[in-house]
Protein chains: 2
Amino acid sequence: MTKITARQIAAQTGVSIATVSRTINNNGYVHADVRARIEAAMRDLGYLPNQAARNLATGRTRTVGLVLQTLHSPAFVDMTEAIQMTLREKGYFLLMCNTQFNQQIETDYLRLVQSGMLDGMITNAINDTATEMRQLVQQNYPIVFINRSLTGIEGQPTRTGFVQMDLQHATFLATDYLAGLGHRRIGVITGDMQLSTQQRRLGGYREALQARGLEFDPLLVQAVAVNRNEATRDGQLTPKNANALHEATVQATGEFLTAMPDVSALIVIYHTMLPGVLQAIRQVGRRVPDDLSLVAFSDFPMAPFLDPPLTVVAQPSTEMGHKAADMLVALIEQPAQPAQHVLLRPELIVRQSCKPYP
Amino acid sequence: MTKITARQIAAQTGVSIATVSRTINNNGYVHADVRARIEAAMRDLGYLPNQAARNLATGRTRTVGLVLQTLHSPAFVDMTEAIQMTLREKGYFLLMCNTQFNQQIETDYLRLVQSGMLDGMITNAINDTATEMRQLVQQNYPIVFINRSLTGIEGQPTRTGFVQMDLQHATFLATDYLAGLGHRRIGVITGDMQLSTQQRRLGGYREALQARGLEFDPLLVQAVAVNRNEATRDGQLTPKNANALHEATVQATGEFLTAMPDVSALIVIYHTMLPGVLQAIRQVGRRVPDDLSLVAFSDFPMAPFLDPPLTVVAQPSTEMGHKAADMLVALIEQPAQPAQHVLLRPELIVRQSCKPYP
DNA sequence: CTAAAATATGTAACCGGTTACATGTGGTAG
DNA sequence: CTACCACATGTAACCGGTTACATATTTTAG
């Protein structure tokens, strides 16, 4: 299995390597007969152009990165598949970068764009405000942010794009629905408060409360730590951390429900926490929806078959994936311009996990 | 943002580019002082070595591909994350290749190894017997197969590895458990019959039936088509196909249950079909577990919270992922040798979706 | 004290393509 | 007939590193 090179194809066909290259890339002039002979030779010898060489010569790789914290969320799976399918149609490849909420890993992956390994990046990076990220944006590397925003680049020509679900509206929908059912004390189980998205998420919560004349009580917002910087220092990754998050969720939710017996409804922001929350609810002896109404984020195929069928705020994940991929390719192939924004709306899907407040 | 090159670092530091390269790669001799100066210069200028150039020069990319049909299966998600984490620790990157059951896409991705873009491949390719695949194996490209086997390479030195769950034992466990509960007519909902894994899966089914003195009835095995070659010709991918599979499952299962009223237990081989099966069961008016016992494949976090909590055969997906990644890296970094095999055992997790036959 | 070994660094070939530029042919408009 | 343009192909520089080899200096061993 000696590696076949373009030189050998050229020799075989009696042309120069430049003509072979033109044939491969279908640019420049190549006589039809010559083209046919070259293509035949390539087929016969099973020739495939060396990608590394092309990448070096062209300065592009037709590969983009997708930096997500985890795939253990149906929304992310939908998005990932949508992104990959769209990219594939446009001739791009996808490098997966799951960070398990570890910021160091996140930063490491971001550098791949600068190292010329990736033409661009789609990310919902946690440390979206970090220096490294701003640097990337400033240097005009193509980046599409998912559900993130970045201040200070307004109007400047960059290669930055934003695809967002209306996070504020999502929590608004959930809160408003529950408040409309008469619930007064609506708990929220969410992640680290320092995430830049929390403001918008809680904004929708407060907005809905206010509209219904309810008071905002910070004690009703229960954060579960998802950031796993420390947990990953020792190299123990997935299984341990997945369990760690689950345990942390069970414990935090259990304590929350015990400490707040007047909470009659719960909004769960992160899908990854849902099993833990459900378990905690069982453990403290509450029943959904009779003793506790529940709205979760992200729809998933099994949601209608849970006990009870789960009312959720569905995210347009597949569409977000398509948009993000489209946008990134555009940013890669076109010159810098003011950042583009796409905002998609979430949707409340009512099933049977909520009841009117007695 | 002029791109910084190793040459500039060399000039800046007053050394040759070779010394810079030695510093970067930490091989060969470099004086400690010089090394320090070079590293300082690299930091100051924000230098990152160009990956394409390194790939070309070294003939390696430290990137491997993962070819899976879909991520809409918790087992695949677990595996993917485990693979990626393991690879990352060993300094490799992961290129995602979801094929949506399209064999053309599968083949396309396989070629990436030959084009030098990938150092190796982990795959559960559908067309595992195809010419392209055998060719790859023959040419000693590092490949690890997940739940697949390949005849005709026994003893030959290749760079092939196999990580398998004991598929036969998995169906055996499910079937034996149901038969032990007194069920006689146990239905199986599965995928395309031409998949090379079907033989082993059904083997376990028949083995258990035989051990319990029950007869095998081919009519009890209901296939749902998952192969989406045609559906993808028009470029319409994810959402349409996901729905298509769901609808096909609902319909096939519904007809099956209606045509076979004496079936008192059901084994669902593919997780992606589970929602469709559950919906069909509802539609035909059966109730789990009272009118129908159910065992599904793959455990998932929400399984205990389904109605009823689902009895499943759990796959050691995370472990399979780790093993596969370890194995692939070994195959990449070591010379060809006889194929390695890892066989892991599934486990029956009994919850409440099965009842004794009345 | 001297030869061998270890350390340190530079030179230049090489990885396998892409592409700007030069060169050459044939057809066509003026 | 000449100038110009489309077509066709080759030459060689270039992409940005890696690394074999040559050379020089410093240690170490005997």
Side-chain angles (χ1 to χ4, degrees), chain A residues 1-39 41-42 45-63 91 111-119, chain B residues 1-39 41-42 45-63 91 111-119:
Chain A
M1 61 153 235
T2 358
K3 286 272 168 57
I4 313 292
T5 69
R7 271 179 180 76
Q8 294 174 47
I9 300 293
Q12 176 99 1
T13 327
V15 299
S16 78
I17 184 177
T19 303
V20 174
S21 178
R22 286 191 201 98
T23 303
I24 293 169
N25 296 294
N26 204 24
N27 58 15
Y29 292 111
V30 179
H31 192 90
D33 296 353
V34 175
R35 166 182 299 275
R37 273 177 23 234
I38 291 175
E39 280 170 351
M42 295 197 297
L45 280 70
Y47 167 75
L48 289 173
N50 181 297
Q51 281 302 328
R54 306 182 88 174
N55 293 345
L56 177 58
T58 59
R60 299 187 40 197
T61 62
R62 299 197 77 84
T63 304
R111 287 196 216 288
L112 295 184
V113 188
Q114 294 168 303
S115 76
M117 189 178 183
L118 302 176
D119 289 349
Chain B
M1 62 154 231
T2 358
K3 285 271 169 55
I4 315 291
T5 69
R7 271 180 179 73
Q8 294 173 46
I9 301 293
Q12 175 100 1
T13 326
V15 298
S16 77
I17 184 180
T19 303
V20 173
S21 178
R22 286 190 201 100
T23 303
I24 293 169
N25 297 294
N26 202 25
N27 59 15
Y29 293 111
V30 179
H31 193 90
D33 296 354
V34 176
R35 165 181 301 274
R37 266 167 43 222
I38 292 174
E39 281 170 351
M42 295 197 296
L45 281 71
Y47 168 75
L48 289 173
N50 180 297
Q51 282 301 327
R54 306 181 86 175
N55 293 346
L56 177 58
T58 59
R60 300 186 41 197
T61 61
R62 299 198 76 86
T63 305
R111 287 197 217 287
L112 296 185
V113 188
Q114 294 170 302
S115 76
M117 189 177 182
L118 302 176
D119 289 349

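Worth knowing before you read on, the calculation uses all heavy atoms, side chains too, and leaves out hydrogens, waters and symmetry mates. Residue numbering restarts at 1 for every chain, and letters A, B, ... go by the order of the sequence lines. Remember, predicted model here, so these are calculated numbers, not experimental data.
Checking Ser21(A) against Arg35(B), the closest nucleotide of DNA chain C that is more toward the 5' end is the one next to Arg35(B). Positionally, the nearest nucleotide of DNA chain C for Leu56(B) lies more toward the 5' end than for the other of Ala18(A) and Leu56(B).
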Which atom pairs link the protein and nucleotides 23-25 of chain D when you take only N or O atoms and keep those under 3.5 Å?
none

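Using a 4.0 Å heavy-atom cutoff across all strands shown, Asn25(A) reaches sugar-phosphate atoms only and no base atom. Here Val20(B) lies out of heavy-atom contact (under 4.0 Å) with every strand. Across all strands, Ala6(B) comes closer than 4.0 Å only to sugar-phosphate atoms, never to a base (heavy-atom distances). The residue Asn55(A) sits apart from the nucleic acid: no heavy atom pair falls under 4.0 Å.
Looking only at side-chain heavy atoms (C-beta outward), Val15(B) and Ile38(B) come within less than 4.5 Å of each other. Thr61(A) is not listed as a side-chain neighbour of Gln51(B), based on a closest heavy-atom distance of 4.5 Å or more. For the pair Met117(A) and Asn55(B), the minimum side-chain heavy-atom distance is 4.5 Å or more. Asn50(A) has its side chain out of reach of Thr5(A): every pair of non-hydrogen atoms, C-beta onward, lies at least 4.5 Å apart.
Here chain A contacts DNA chain C (any atom closer than 4.0 Å to a heavy atom, that is under 4.0 Å), and the contacts span dG16(C) to dA20(C) from 5' to 3'.
In this structure, the separation between CG on Asn27(A) and CZ on Arg22(A) is 8.0 Å, given to the nearest 0.5 Å.
Taking every heavy atom of residues 7-15 of chain A and every atom of DNA chain C, pairs under 4.0 Å involve Arg7(A), by number.
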